[in-house]
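All chains are named by letter (A, B, ...) in the order of the sequence lines, taking the proteins before the strands, and each is independently numbered beginning at 1. Keep in mind that the numbers below use all heavy atoms, side chains included, and drop hydrogens, waters and symmetry copies. Note that the structure is a prediction, hence the values are computed from the model and not measured.
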Number of protein chains: 2
Amino acid sequence: MTGFIIQNPTLEQCLKAVKMGIGARRLLIMLGELRVDYFGRGSSELDYGERLLIVKSDGSLLIHRPTNVEPVNWQPPGSLYRAYVKRGLLVLEAYRKRPEERVKVTFRRVSLVGVYHLKDEAEFKLYTAEEIMKKAFIKRPDLVEKGLRVVLEEKRLRAGLVDCFCVDSSNRPVVVEFKKDRASVEAVEQLSRYVDELRRGNPEVRGILVAPSITREALERARSLNLEYRRLDVRSCIRVLESIGESVKPLEYFEG
Amino acid sequence: MTGFIIQNPTLEQCLKAVKMGIGARRLLIMLGELRVDYFGRGSSELDYGERLLIVKSDGSLLIHRPTNVEPVNWQPPGSLYRAYVKRGLLVLEAYRKRPEERVKVTFRRVSLVGVYHLKDEAEFKLYTAEEIMKKAFIKRPDLVEKGLRVVLEEKRLRAGLVDCFCVDSSNRPVVVEFKKDRASVEAVEQLSRYVDELRRGNPEVRGILVAPSITREALERARSLNLEYRRLDVRSCIRVLESIGESVKPLEYFEG
DNA sequence: TTCTCAATTTCGTGG
DNA sequence: CCACGAAGTTGAGAA
(Lines give C-alpha, C1' and ligand atoms only; values in the text may rest on other atoms or scores of the structure.)
Protein backbone atom coordinates (compact mmCIF):
# COMPACT_ATOMS: atom_id res chain seq x y z
CA MET A 1 0.00 0.00 0.00
CA THR A 2 1.43 3.32 -1.10
CA GLY A 3 0.10 6.75 -0.38
CA PHE A 4 0.34 9.86 1.72
CA ILE A 5 -1.66 11.87 4.15
CA ILE A 6 -1.67 15.58 4.98
CA GLN A 7 -3.09 17.00 8.18
CA ASN A 8 -4.61 20.46 8.09
CA PRO A 9 -3.62 21.02 4.48
CA THR A 10 -3.76 24.37 2.77
CA LEU A 11 -6.43 24.85 0.14
CA GLU A 12 -3.85 24.53 -2.59
CA GLN A 13 -2.33 21.35 -1.18
CA CYS A 14 -5.80 19.96 -0.88
CA LEU A 15 -6.90 20.78 -4.40
CA LYS A 16 -3.71 19.28 -5.75
CA ALA A 17 -4.13 16.09 -3.72
CA VAL A 18 -7.78 15.76 -4.75
CA LYS A 19 -7.04 16.18 -8.44
CA MET A 20 -4.08 13.84 -8.31
CA GLY A 21 -5.90 11.21 -6.24
CA ILE A 22 -9.01 11.07 -8.38
CA GLY A 23 -7.09 11.44 -11.63
CA ALA A 24 -4.77 8.56 -10.78
CA ARG A 25 -7.72 6.44 -9.65
CA ARG A 26 -6.53 6.18 -6.08
CA LEU A 27 -8.54 6.07 -2.89
CA LEU A 28 -9.16 9.60 -1.67
CA ILE A 29 -10.08 10.20 1.97
CA MET A 30 -11.01 13.59 3.37
CA LEU A 31 -12.16 14.76 6.76
CA GLY A 32 -13.56 18.23 7.00
CA GLU A 33 -16.42 20.60 7.47
CA LEU A 34 -18.58 20.47 4.39
CA ARG A 35 -22.02 20.91 2.92
CA VAL A 36 -23.69 18.79 0.26
CA ASP A 37 -26.19 19.60 -2.44
CA TYR A 38 -27.68 16.91 -4.63
CA PHE A 39 -30.01 17.01 -7.56
CA GLY A 40 -31.04 14.15 -9.80
CA ARG A 41 -33.63 11.46 -9.23
CA GLY A 42 -34.43 13.33 -6.07
CA SER A 43 -33.03 16.43 -4.49
CA SER A 44 -31.29 16.99 -1.18
CA GLU A 45 -29.59 19.59 0.91
CA LEU A 46 -27.29 19.24 3.91
CA ASP A 47 -25.75 22.26 5.62
CA TYR A 48 -22.21 22.40 6.98
CA GLY A 49 -21.04 19.73 9.38
CA GLU A 50 -17.97 17.60 10.04
CA ARG A 51 -17.95 14.52 7.82
CA LEU A 52 -15.88 11.92 6.08
CA LEU A 53 -15.64 11.98 2.30
CA ILE A 54 -14.33 9.08 0.23
CA VAL A 55 -13.71 8.80 -3.48
CA LYS A 56 -12.86 5.29 -4.55
CA SER A 57 -10.68 4.21 -7.42
CA ASP A 58 -13.71 3.41 -9.58
CA GLY A 59 -15.14 6.89 -9.14
CA SER A 60 -17.61 6.07 -6.38
CA LEU A 61 -18.27 8.92 -3.99
CA LEU A 62 -19.33 8.47 -0.36
CA ILE A 63 -20.14 11.13 2.20
CA HIS A 64 -20.53 9.79 5.71
CA ARG A 65 -21.93 11.50 8.78
CA PRO A 66 -20.81 10.34 12.25
CA THR A 67 -23.71 7.89 12.47
CA ASN A 68 -25.49 5.30 10.31
CA VAL A 69 -24.27 2.60 8.00
CA GLU A 70 -25.58 4.39 4.93
CA PRO A 71 -23.80 7.39 3.45
CA VAL A 72 -25.88 10.55 3.60
CA ASN A 73 -24.98 11.30 -0.02
CA TRP A 74 -23.17 9.30 -2.63
CA GLN A 75 -22.50 8.83 -6.32
CA PRO A 76 -22.05 5.48 -8.07
CA PRO A 77 -18.95 4.11 -9.84
CA GLY A 78 -18.01 5.84 -13.04
CA SER A 79 -18.87 9.32 -11.90
CA LEU A 80 -16.97 12.25 -13.32
CA TYR A 81 -15.33 14.86 -11.14
CA ARG A 82 -14.58 18.54 -11.12
CA ALA A 83 -12.68 20.22 -8.30
CA TYR A 84 -11.92 23.89 -7.82
CA VAL A 85 -11.47 26.65 -5.28
CA LYS A 86 -13.96 29.47 -5.19
CA ARG A 87 -14.12 32.30 -2.68
CA GLY A 88 -11.88 30.44 -0.28
CA LEU A 89 -13.95 27.25 -0.45
CA LEU A 90 -12.92 23.94 -1.94
CA VAL A 91 -15.63 22.49 -4.16
CA LEU A 92 -15.85 18.94 -5.43
CA GLU A 93 -18.56 18.03 -7.92
CA ALA A 94 -19.45 14.50 -8.94
CA TYR A 95 -21.45 14.11 -12.10
CA ARG A 96 -23.26 11.14 -13.53
CA LYS A 97 -25.10 10.90 -16.78
CA ARG A 98 -28.14 8.62 -17.11
CA PRO A 99 -29.76 9.14 -14.90
CA GLU A 100 -28.43 12.66 -14.79
CA GLU A 101 -27.33 13.43 -11.27
CA ARG A 102 -24.98 15.81 -9.54
CA VAL A 103 -23.50 15.94 -6.09
CA LYS A 104 -21.74 19.13 -5.06
CA VAL A 105 -19.57 19.09 -1.96
CA THR A 106 -18.36 22.40 -0.54
CA PHE A 107 -15.58 22.32 2.05
CA ARG A 108 -15.31 25.14 4.55
CA ARG A 109 -12.40 23.45 6.28
CA VAL A 110 -10.28 20.38 5.60
CA SER A 111 -8.62 18.61 8.53
CA LEU A 112 -7.24 15.67 6.67
CA VAL A 113 -6.65 14.58 3.11
CA GLY A 114 -5.17 11.23 2.17
CA VAL A 115 -4.46 9.47 -1.09
CA TYR A 116 -3.73 5.75 -1.15
CA HIS A 117 -3.36 2.99 -3.65
CA LEU A 118 -5.01 -0.21 -2.44
CA LYS A 119 -4.45 -3.69 -3.80
CA ASP A 120 -7.35 -6.05 -3.20
CA GLU A 121 -7.77 -9.08 -5.40
CA ALA A 122 -9.59 -11.43 -3.03
CA GLU A 123 -12.86 -13.05 -3.99
CA PHE A 124 -15.90 -12.34 -1.84
CA LYS A 125 -17.96 -15.39 -0.99
CA LEU A 126 -21.46 -15.00 0.35
CA TYR A 127 -24.05 -17.55 1.33
CA THR A 128 -27.51 -16.05 1.75
CA ALA A 129 -30.05 -17.40 4.16
CA GLU A 130 -32.52 -18.28 1.41
CA GLU A 131 -29.82 -20.20 -0.43
CA ILE A 132 -29.21 -22.20 2.72
CA MET A 133 -32.92 -22.93 3.19
CA LYS A 134 -33.43 -23.98 -0.40
CA LYS A 135 -30.31 -26.14 -0.42
CA ALA A 136 -31.51 -27.94 2.70
CA PHE A 137 -35.02 -28.35 1.30
CA ILE A 138 -33.73 -29.86 -1.93
CA LYS A 139 -31.75 -32.40 0.09
CA ARG A 140 -34.60 -33.07 2.49
CA PRO A 141 -38.05 -32.00 1.13
CA ASP A 142 -39.69 -33.65 4.13
CA LEU A 143 -38.49 -30.64 6.15
CA VAL A 144 -41.57 -28.99 4.67
CA GLU A 145 -43.90 -31.92 4.02
CA LYS A 146 -43.61 -35.69 3.98
CA GLY A 147 -43.88 -37.12 0.47
CA LEU A 148 -42.98 -33.88 -1.30
CA ARG A 149 -40.77 -34.30 -4.36
CA VAL A 150 -38.79 -31.52 -6.05
CA VAL A 151 -39.47 -31.34 -9.79
CA LEU A 152 -37.66 -28.11 -10.65
CA GLU A 153 -35.19 -26.19 -8.47
CA GLU A 154 -36.54 -23.07 -10.07
CA LYS A 155 -39.27 -22.34 -12.54
CA ARG A 156 -39.72 -19.20 -14.56
CA LEU A 157 -43.29 -17.94 -14.85
CA ARG A 158 -44.62 -14.76 -16.33
CA ALA A 159 -45.29 -13.73 -12.75
CA GLY A 160 -41.67 -14.28 -11.73
CA LEU A 161 -39.17 -16.89 -10.64
CA VAL A 162 -40.58 -19.66 -8.46
CA ASP A 163 -38.20 -20.89 -5.73
CA CYS A 164 -39.11 -24.57 -6.02
CA PHE A 165 -41.64 -26.45 -8.07
CA CYS A 166 -42.70 -29.79 -6.54
CA VAL A 167 -45.39 -32.46 -6.51
CA ASP A 168 -46.92 -33.86 -3.35
CA SER A 169 -47.69 -37.49 -2.48
CA SER A 170 -51.05 -37.20 -4.30
CA ASN A 171 -49.31 -35.86 -7.40
CA ARG A 172 -50.69 -32.35 -6.96
CA PRO A 173 -48.30 -29.62 -8.14
CA VAL A 174 -46.87 -27.51 -5.31
CA VAL A 175 -45.19 -24.12 -5.54
CA VAL A 176 -42.80 -23.56 -2.62
CA GLU A 177 -41.59 -20.09 -1.71
CA PHE A 178 -38.89 -19.45 0.90
CA LYS A 179 -38.51 -16.45 3.18
CA LYS A 180 -35.64 -16.24 5.61
CA ASP A 181 -37.47 -13.74 7.83
CA ARG A 182 -40.98 -13.56 9.18
CA ALA A 183 -43.30 -13.78 6.17
CA SER A 184 -45.27 -10.61 5.39
CA VAL A 185 -48.38 -9.84 3.35
CA GLU A 186 -46.03 -8.99 0.49
CA ALA A 187 -44.62 -12.53 0.55
CA VAL A 188 -48.12 -14.01 0.42
CA GLU A 189 -49.02 -11.77 -2.52
CA GLN A 190 -45.91 -12.88 -4.34
CA LEU A 191 -46.72 -16.56 -3.87
CA SER A 192 -50.31 -15.84 -4.84
CA ARG A 193 -49.23 -14.45 -8.19
CA TYR A 194 -47.28 -17.60 -8.99
CA VAL A 195 -50.05 -19.94 -7.89
CA ASP A 196 -52.76 -17.93 -9.67
CA GLU A 197 -50.88 -18.25 -12.93
CA LEU A 198 -50.55 -22.02 -12.54
CA ARG A 199 -54.10 -22.54 -11.27
CA ARG A 200 -55.43 -21.24 -14.57
CA GLY A 201 -54.06 -24.44 -16.08
CA ASN A 202 -54.76 -26.64 -13.09
CA PRO A 203 -56.95 -25.48 -10.19
CA GLU A 204 -55.42 -28.19 -7.99
CA VAL A 205 -52.10 -26.32 -7.65
CA ARG A 206 -50.99 -25.78 -4.06
CA GLY A 207 -48.80 -22.98 -2.73
CA ILE A 208 -46.66 -23.27 0.39
CA LEU A 209 -44.92 -20.36 2.01
CA VAL A 210 -41.92 -21.56 4.03
CA ALA A 211 -40.58 -19.18 6.66
CA PRO A 212 -39.48 -19.11 10.30
CA SER A 213 -42.67 -17.25 11.20
CA ILE A 214 -45.53 -15.28 9.67
CA THR A 215 -47.39 -12.12 10.56
CA ARG A 216 -51.02 -12.32 11.61
CA GLU A 217 -52.19 -10.37 8.58
CA ALA A 218 -50.13 -12.48 6.23
CA LEU A 219 -51.56 -15.71 7.64
CA GLU A 220 -55.10 -14.41 7.25
CA ARG A 221 -54.46 -13.39 3.68
CA ALA A 222 -52.82 -16.74 2.94
CA ARG A 223 -55.88 -18.58 4.22
CA SER A 224 -58.27 -16.46 2.21
CA LEU A 225 -56.19 -17.13 -0.92
CA ASN A 226 -56.06 -20.87 -0.17
CA LEU A 227 -52.31 -20.85 0.39
CA GLU A 228 -50.39 -22.72 3.07
CA TYR A 229 -47.68 -21.87 5.53
CA ARG A 230 -44.98 -24.14 6.95
CA ARG A 231 -42.54 -23.17 9.66
CA LEU A 232 -38.84 -23.58 8.90
CA ASP A 233 -35.91 -21.54 10.13
CA VAL A 234 -32.42 -21.08 8.76
CA ARG A 235 -30.69 -22.48 11.81
CA SER A 236 -32.36 -25.88 11.41
CA CYS A 237 -31.37 -25.88 7.76
CA ILE A 238 -27.75 -25.23 8.65
CA ARG A 239 -27.86 -28.13 11.09
CA VAL A 240 -29.34 -30.40 8.43
CA LEU A 241 -26.72 -29.42 5.86
CA GLU A 242 -23.90 -29.86 8.34
CA SER A 243 -25.23 -33.29 9.30
CA ILE A 244 -25.03 -34.44 5.69
CA GLY A 245 -21.60 -32.89 5.22
CA GLU A 246 -22.51 -29.80 3.20
CA SER A 247 -20.45 -26.71 3.84
CA VAL A 248 -22.60 -23.71 4.68
CA LYS A 249 -20.12 -21.37 6.26
CA PRO A 250 -16.46 -20.54 6.22
CA LEU A 251 -14.52 -23.14 8.14
CA GLU A 252 -12.51 -22.38 11.24
CA TYR A 253 -14.90 -19.63 12.10
CA PHE A 254 -14.66 -17.98 15.48
CA GLU A 255 -12.49 -20.64 16.96
CA GLY A 256 -11.59 -18.23 19.81
CA MET B 1 -12.76 18.60 14.97
CA THR B 2 -10.29 16.97 17.31
CA GLY B 3 -8.38 13.75 16.78
CA PHE B 4 -5.12 12.17 15.77
CA ILE B 5 -3.68 9.91 13.16
CA ILE B 6 -0.81 7.43 13.26
CA GLN B 7 0.93 6.14 10.16
CA ASN B 8 2.36 2.63 10.21
CA PRO B 9 1.50 2.13 13.87
CA THR B 10 2.81 -0.72 15.97
CA LEU B 11 0.30 -3.40 16.96
CA GLU B 12 0.19 -2.02 20.48
CA GLN B 13 -0.37 1.57 19.36
CA CYS B 14 -3.06 0.30 17.08
CA LEU B 15 -4.88 -1.76 19.68
CA LYS B 16 -4.79 1.16 22.08
CA ALA B 17 -6.14 3.59 19.47
CA VAL B 18 -8.89 1.17 18.47
CA LYS B 19 -10.05 0.58 22.02
CA MET B 20 -9.90 4.24 22.88
CA GLY B 21 -11.60 5.35 19.69
CA ILE B 22 -14.51 2.92 19.90
CA GLY B 23 -14.81 3.26 23.68
CA ALA B 24 -15.01 7.04 23.49
CA ARG B 25 -17.51 6.81 20.63
CA ARG B 26 -15.25 8.54 18.15
CA LEU B 27 -14.87 7.96 14.45
CA LEU B 28 -12.25 5.29 13.86
CA ILE B 29 -10.55 5.02 10.47
CA MET B 30 -8.13 2.28 9.56
CA LEU B 31 -6.29 1.39 6.39
CA GLY B 32 -4.64 -1.98 6.23
CA GLU B 33 -4.44 -5.48 4.91
CA LEU B 34 -7.26 -7.49 6.42
CA ARG B 35 -9.62 -10.41 6.03
CA VAL B 36 -13.28 -10.54 7.02
CA ASP B 37 -15.52 -13.34 8.23
CA TYR B 38 -19.21 -12.81 8.78
CA PHE B 39 -21.91 -15.05 10.12
CA GLY B 40 -25.48 -14.14 10.96
CA ARG B 41 -28.45 -13.66 8.64
CA GLY B 42 -26.11 -14.86 5.96
CA SER B 43 -22.52 -15.93 5.94
CA SER B 44 -19.50 -14.56 4.10
CA GLU B 45 -15.78 -14.89 3.73
CA LEU B 46 -13.21 -12.50 2.28
CA ASP B 47 -9.51 -13.26 2.23
CA TYR B 48 -6.74 -10.74 2.85
CA GLY B 49 -6.67 -7.54 0.84
CA GLU B 50 -6.03 -3.83 1.34
CA ARG B 51 -9.17 -2.09 2.58
CA LEU B 52 -10.61 0.79 4.52
CA LEU B 53 -12.30 0.12 7.84
CA ILE B 54 -14.55 2.62 9.59
CA VAL B 55 -16.22 2.45 12.96
CA LYS B 56 -18.63 5.29 13.54
CA SER B 57 -19.55 6.91 16.82
CA ASP B 58 -22.84 5.00 16.97
CA GLY B 59 -21.09 1.66 16.65
CA SER B 60 -21.66 1.16 12.92
CA LEU B 61 -18.94 -0.80 11.18
CA LEU B 62 -18.03 -0.42 7.51
CA ILE B 63 -15.44 -2.31 5.52
CA HIS B 64 -14.78 -0.86 2.09
CA ARG B 65 -12.91 -2.35 -0.83
CA PRO B 66 -11.32 -0.05 -3.46
CA THR B 67 -14.47 -0.16 -5.59
CA ASN B 68 -18.25 0.04 -5.23
CA VAL B 69 -20.52 2.29 -3.23
CA GLU B 70 -21.57 -0.53 -0.94
CA PRO B 71 -19.33 -1.79 1.83
CA VAL B 72 -18.31 -5.41 1.37
CA ASN B 73 -19.10 -6.11 5.01
CA TRP B 74 -20.75 -4.03 7.69
CA GLN B 75 -22.53 -4.07 11.00
CA PRO B 76 -25.37 -1.75 12.01
CA PRO B 77 -25.44 0.94 14.75
CA GLY B 78 -25.34 -0.33 18.31
CA SER B 79 -22.89 -3.13 17.66
CA LEU B 80 -20.58 -4.24 20.43
CA TYR B 81 -16.85 -4.56 19.93
CA ARG B 82 -13.97 -6.69 21.06
CA ALA B 83 -10.37 -6.04 19.99
CA TYR B 84 -7.29 -8.06 20.73
CA VAL B 85 -3.95 -9.20 19.40
CA LYS B 86 -3.44 -12.86 18.67
CA ARG B 87 -0.39 -14.47 17.07
CA GLY B 88 0.83 -11.12 15.79
CA LEU B 89 -2.53 -10.26 14.22
CA LEU B 90 -4.91 -7.52 15.29
CA VAL B 91 -8.48 -8.76 15.51
CA LEU B 92 -11.60 -6.64 15.73
CA GLU B 93 -14.95 -8.31 16.30
CA ALA B 94 -18.30 -6.58 15.97
CA TYR B 95 -21.22 -8.31 17.61
CA ARG B 96 -24.93 -7.70 17.33
CA LYS B 97 -27.69 -9.44 19.16
CA ARG B 98 -31.08 -9.89 17.51
CA PRO B 99 -30.59 -10.85 14.94
CA GLU B 100 -27.42 -12.48 16.17
CA GLU B 101 -24.57 -11.53 13.89
CA ARG B 102 -20.82 -11.33 14.07
CA VAL B 103 -18.20 -9.70 11.88
CA LYS B 104 -14.61 -10.61 12.55
CA VAL B 105 -11.87 -8.49 11.00
CA THR B 106 -8.30 -9.75 11.10
CA PHE B 107 -5.51 -7.30 10.27
CA ARG B 108 -2.24 -8.61 8.91
CA ARG B 109 -0.90 -5.08 8.52
CA VAL B 110 -2.10 -1.62 9.48
CA SER B 111 -0.91 1.36 7.46
CA LEU B 112 -3.00 4.00 9.09
CA VAL B 113 -5.17 4.42 12.14
CA GLY B 114 -7.04 7.60 12.95
CA VAL B 115 -9.44 8.63 15.69
CA TYR B 116 -11.55 11.75 15.30
CA HIS B 117 -14.42 13.45 16.99
CA LEU B 118 -16.87 14.89 14.48
CA LYS B 119 -19.54 17.46 15.17
CA ASP B 120 -22.42 17.33 12.74
CA GLU B 121 -25.76 18.76 13.78
CA ALA B 122 -27.16 19.75 10.40
CA GLU B 123 -30.55 18.54 9.25
CA PHE B 124 -30.69 16.47 6.09
CA LYS B 125 -33.45 17.56 3.76
CA LEU B 126 -34.52 15.26 0.98
CA TYR B 127 -37.21 15.73 -1.61
CA THR B 128 -38.12 12.46 -3.24
CA ALA B 129 -39.42 12.17 -6.74
CA GLU B 130 -42.78 10.91 -5.47
CA GLU B 131 -43.11 13.89 -3.18
CA ILE B 132 -42.53 16.14 -6.15
CA MET B 133 -45.16 14.31 -8.21
CA LYS B 134 -47.71 14.41 -5.44
CA LYS B 135 -47.07 18.07 -4.72
CA ALA B 136 -47.60 18.91 -8.39
CA PHE B 137 -50.74 16.77 -8.58
CA ILE B 138 -52.27 18.47 -5.55
CA LYS B 139 -51.72 21.85 -7.19
CA ARG B 140 -52.90 20.66 -10.60
CA PRO B 141 -55.05 17.47 -10.41
CA ASP B 142 -55.84 17.84 -14.10
CA LEU B 143 -52.29 16.58 -14.74
CA VAL B 144 -53.90 13.18 -14.21
CA GLU B 145 -57.54 13.75 -15.18
CA LYS B 146 -59.75 16.70 -15.91
CA GLY B 147 -62.34 17.27 -13.19
CA LEU B 148 -60.48 15.34 -10.52
CA ARG B 149 -60.67 16.88 -7.05
CA VAL B 150 -58.36 16.00 -4.14
CA VAL B 151 -60.30 15.10 -0.99
CA LEU B 152 -57.46 13.83 1.22
CA GLU B 153 -53.72 14.25 0.66
CA GLU B 154 -53.28 10.89 2.31
CA LYS B 155 -55.63 8.30 3.69
CA ARG B 156 -54.81 5.48 6.05
CA LEU B 157 -56.42 2.11 5.31
CA ARG B 158 -55.83 -1.27 6.83
CA ALA B 159 -54.08 -2.13 3.58
CA GLY B 160 -51.69 0.82 3.89
CA LEU B 161 -51.30 4.52 3.25
CA VAL B 162 -53.04 5.82 0.15
CA ASP B 163 -51.12 8.55 -1.71
CA CYS B 164 -54.15 10.64 -2.65
CA PHE B 165 -57.86 10.17 -2.19
CA CYS B 166 -59.99 12.05 -4.73
CA VAL B 167 -63.39 12.26 -6.41
CA ASP B 168 -63.90 12.53 -10.14
CA SER B 169 -66.29 14.76 -12.07
CA SER B 170 -69.07 12.16 -11.63
CA ASN B 171 -68.44 12.08 -7.88
CA ARG B 172 -66.92 8.61 -7.94
CA PRO B 173 -64.18 8.07 -5.37
CA VAL B 174 -60.71 7.71 -6.86
CA VAL B 175 -57.58 6.31 -5.24
CA VAL B 176 -54.44 7.73 -6.83
CA GLU B 177 -51.07 6.07 -6.40
CA PHE B 178 -47.80 7.61 -7.60
CA LYS B 179 -44.67 5.85 -8.79
CA LYS B 180 -41.63 7.82 -9.88
CA ASP B 181 -40.29 4.92 -11.97
CA ARG B 182 -41.88 2.55 -14.41
CA ALA B 183 -44.81 0.93 -12.60
CA SER B 184 -44.40 -2.77 -11.85
CA VAL B 185 -46.79 -5.57 -11.01
CA GLU B 186 -45.99 -4.86 -7.36
CA ALA B 187 -47.30 -1.33 -7.74
CA VAL B 188 -50.53 -2.61 -9.27
CA GLU B 189 -50.94 -5.12 -6.43
CA GLN B 190 -50.45 -2.36 -3.91
CA LEU B 191 -53.09 -0.16 -5.50
CA SER B 192 -55.34 -3.18 -5.80
CA ARG B 193 -55.17 -3.80 -2.05
CA TYR B 194 -56.27 -0.23 -1.37
CA VAL B 195 -59.07 -0.25 -3.92
CA ASP B 196 -60.31 -3.69 -2.87
CA GLU B 197 -60.71 -2.48 0.67
CA LEU B 198 -62.71 0.55 -0.43
CA ARG B 199 -64.77 -1.31 -3.02
CA ARG B 200 -66.24 -3.44 -0.26
CA GLY B 201 -68.03 -0.27 0.87
CA ASN B 202 -68.58 1.15 -2.60
CA PRO B 203 -68.02 -0.93 -5.76
CA GLU B 204 -67.79 2.28 -7.80
CA VAL B 205 -64.32 3.14 -6.42
CA ARG B 206 -61.72 3.80 -9.10
CA GLY B 207 -57.98 3.29 -8.82
CA ILE B 208 -55.45 5.19 -10.89
CA LEU B 209 -51.78 4.37 -11.02
CA VAL B 210 -49.73 7.41 -12.01
CA ALA B 211 -46.22 6.77 -13.32
CA PRO B 212 -43.90 7.74 -16.17
CA SER B 213 -44.41 4.30 -17.72
CA ILE B 214 -45.68 0.84 -16.94
CA THR B 215 -44.50 -2.68 -17.67
CA ARG B 216 -46.47 -4.91 -19.98
CA GLU B 217 -47.36 -7.34 -17.20
CA ALA B 218 -48.36 -4.57 -14.85
CA LEU B 219 -50.69 -3.06 -17.43
CA GLU B 220 -52.32 -6.43 -18.09
CA ARG B 221 -52.80 -7.06 -14.40
CA ALA B 222 -54.18 -3.53 -13.91
CA ARG B 223 -56.76 -4.12 -16.64
CA SER B 224 -57.81 -7.46 -15.22
CA LEU B 225 -58.25 -5.82 -11.80
CA ASN B 226 -60.20 -2.91 -13.31
CA LEU B 227 -57.55 -0.37 -12.42
CA GLU B 228 -56.36 2.51 -14.56
CA TYR B 229 -52.99 3.91 -15.56
CA ARG B 230 -52.07 7.51 -16.39
CA ARG B 231 -48.73 8.66 -17.67
CA LEU B 232 -46.92 11.37 -15.71
CA ASP B 233 -43.20 11.91 -15.23
CA VAL B 234 -41.25 13.77 -12.58
CA ARG B 235 -39.66 16.24 -14.95
CA SER B 236 -43.05 17.62 -16.02
CA CYS B 237 -44.00 17.94 -12.38
CA ILE B 238 -40.89 19.94 -11.61
CA ARG B 239 -41.67 22.24 -14.51
CA VAL B 240 -45.22 22.71 -13.23
CA LEU B 241 -44.07 23.48 -9.70
CA GLU B 242 -41.44 25.92 -10.92
CA SER B 243 -43.99 27.65 -13.11
CA ILE B 244 -46.20 28.33 -10.09
CA GLY B 245 -43.26 29.41 -7.96
CA GLU B 246 -42.86 26.35 -5.76
CA SER B 247 -39.34 25.46 -4.72
CA VAL B 248 -38.42 21.89 -5.55
CA LYS B 249 -34.70 22.03 -5.12
CA PRO B 250 -32.07 23.82 -3.09
CA LEU B 251 -31.66 27.36 -4.33
CA GLU B 252 -28.45 28.70 -5.86
CA TYR B 253 -27.66 25.25 -7.05
CA PHE B 254 -24.84 24.84 -9.51
CA GLU B 255 -24.72 28.49 -10.34
CA GLY B 256 -21.23 27.99 -11.81
C1' DT C 1 -29.98 -1.97 -22.61
C1' DT C 2 -33.90 -3.06 -20.11
C1' DC C 3 -36.34 -5.54 -16.85
C1' DT C 4 -37.01 -8.20 -12.82
C1' DC C 5 -36.06 -9.53 -8.25
C1' DA C 6 -33.03 -10.16 -4.14
C1' DA C 7 -30.62 -7.84 -0.24
C1' DT C 8 -26.68 -9.65 5.98
C1' DT C 9 -31.00 -4.66 2.23
C1' DT C 10 -31.21 0.00 5.59
C1' DC C 11 -34.20 3.40 7.28
C1' DG C 12 -38.15 5.71 8.95
C1' DT C 13 -42.93 5.74 10.81
C1' DG C 14 -46.90 4.25 13.06
C1' DG C 15 -49.22 1.07 16.18
C1' DC D 1 -40.68 -3.89 19.79
C1' DC D 2 -43.19 -5.34 15.59
C1' DA D 3 -45.15 -4.47 11.05
C1' DC D 4 -45.04 -2.18 6.80
C1' DG D 5 -43.36 0.30 2.95
C1' DA D 6 -40.04 3.54 0.72
C1' DA D 7 -35.34 4.20 -1.05
C1' DG D 8 -31.59 9.21 -5.08
C1' DT D 9 -32.47 2.13 -2.86
C1' DT D 10 -27.96 -0.92 -5.01
C1' DG D 11 -26.71 -4.95 -7.47
C1' DA D 12 -26.94 -9.13 -10.10
C1' DG D 13 -28.77 -11.93 -13.64
C1' DA D 14 -31.68 -12.81 -17.64
C1' DA D 15 -34.29 -11.48 -21.75
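Closest of all the heavy-atom pairs between Lys56(A) and His64(B) is NZ-ND1, 2.7 Å. Closest non-hydrogen pair, Gly49(B) versus Asp120(A), comes out as CA-OD1, 3.8 Å. In plain terms, the two heavy atoms of Leu46(A) and Arg35(A) that are nearest each other are O-CB, 3.2 Å.
Going from atom CG of Leu46(B) over to atom C1' of dT8(C) covers 14 Å, rounded to whole Å. Following rounding to the nearest Å, Ile214(B) (CD1) and dT2(C) (P) show an atom-to-atom distance of 18 Å. Rounded to an integer number of Å, the gap from CD of Glu131(A) to P of dA12(D) is 14 Å. Distance CD (Glu186(A)) to P (dA7(C)): 15 Å, rounded to an integer number of Å. Note: NZ (Lys134(B)) to C1' (dG5(D)) measures 14 Å, nearest angstrom. In this structure, CD of Glu217(A) is placed 6 Å from P of dC4(D), rounded to the nearest angstrom. Distance CG (Leu126(A)) to P (dG11(D)): 14 Å, rounded to an integer number of Å. Atom pair Glu189(A):CD and dG5(D):P shows a separation of 9 Å (rounding to whole Å applied).
You'll find the side chain of Tyr81(A) reaches within 4.5 Å of the side chain of Leu61(A), heavy atoms only. Considering only heavy atoms from C-beta on, Phe178(B) stays 4.5 Å or farther from Cys237(B) through its side chain. Between Leu227(B) and Ser192(B) the shortest side-chain heavy-atom distance falls below 4.5 Å.
Each of dT10(C), dA7(C), dG5(D) was ranked by its minimum atom distance to the side chain of Glu70(A); first place goes to dT10(C). Taking every side-chain heavy atom of Asp181(A) into account, dT9(C) is the closest of dG8(D), dT9(C), dA6(D). In this structure, the nucleotide among dG8(D), dC11(C), dA6(C) sitting nearest to the side chain of Gln190(A) is dA6(C). When each of dC4(D), dG11(D), dT8(C) is scored by its nearest atom to the side-chain atoms of Val69(B), the top-ranked nucleotide is dG11(D). Taking the side chain of Arg182(B) as heavy atoms from C-beta on, and the options dC3(C), dA7(D), dC4(D), the nearest nucleotide is dC3(C). For Arg98(B), the side-chain atoms get nearest to dC1(D) when compared with the rest of dT8(C), dC1(D), dC4(D).
Taking side-chain N and O atoms only, Ser43(B) has no distance below 4.0 Å to OP1 or OP2 of dT8(C). In terms of phosphate contacts, Lys180(B) brings no side-chain nitrogen or oxygen within less than 4.0 Å of OP1 or OP2 of dA6(D). Listed pair Arg102(B) / dT8(C) fails the phosphate criterion, with no side-chain N or O lying under 4.0 Å from OP1 or OP2. Residue Ser184(A) places none of its side-chain N or O atoms closer than 4.0 Å to OP1 or OP2 of dA3(D). Within the 4.0 Å cut-off from OP1 or OP2 of dT10(D), at least one side-chain nitrogen or oxygen of Arg41(A) is found. Contact annotation: Trp74(B) side-chain N/O to dT10(C) OP1/OP2 distance is under 4.0 Å.
Spacing of C1' atoms, dA7(C) relative to dG5(D), comes out at 15 Å, to the nearest Å. Taking atom P in both dG11(D) and dC11(C), one finds a spacing of 15 Å when rounded to whole Å. The gap from the P atom of dT8(C) to that of dC4(D) amounts to 22 Å, rounded to the nearest Å. Using C1' as the reference atom, dG14(C) and dG8(D) are 24 Å apart when rounded to the nearest Å.
On a pure distance criterion of 3.5 Å, a polar donor-acceptor pair joins the side chain of Asn73(A) and the base of dG8(D).
Within the nucleic acid shown, Asp163(B) has no heavy atom closer than 4.0 Å to any nucleic acid atom. Residue contacts for Lys179(B): at a heavy-atom cut-off of 4.0 Å it reaches the sugar-phosphate backbone alone, with no base atom in range.
With respect to Leu53(A), the side-chain contact (heavy atoms from CB on, under 4.5 Å) criterion is satisfied by exactly one of Leu62(A), Asn73(A), Leu92(A): Leu92(A).
Each of Tyr194(A) and Asn68(A) was matched to the nucleotide of DNA chain C holding its nearest heavy atom; the match closer to the 5' end belongs to Tyr194(A).
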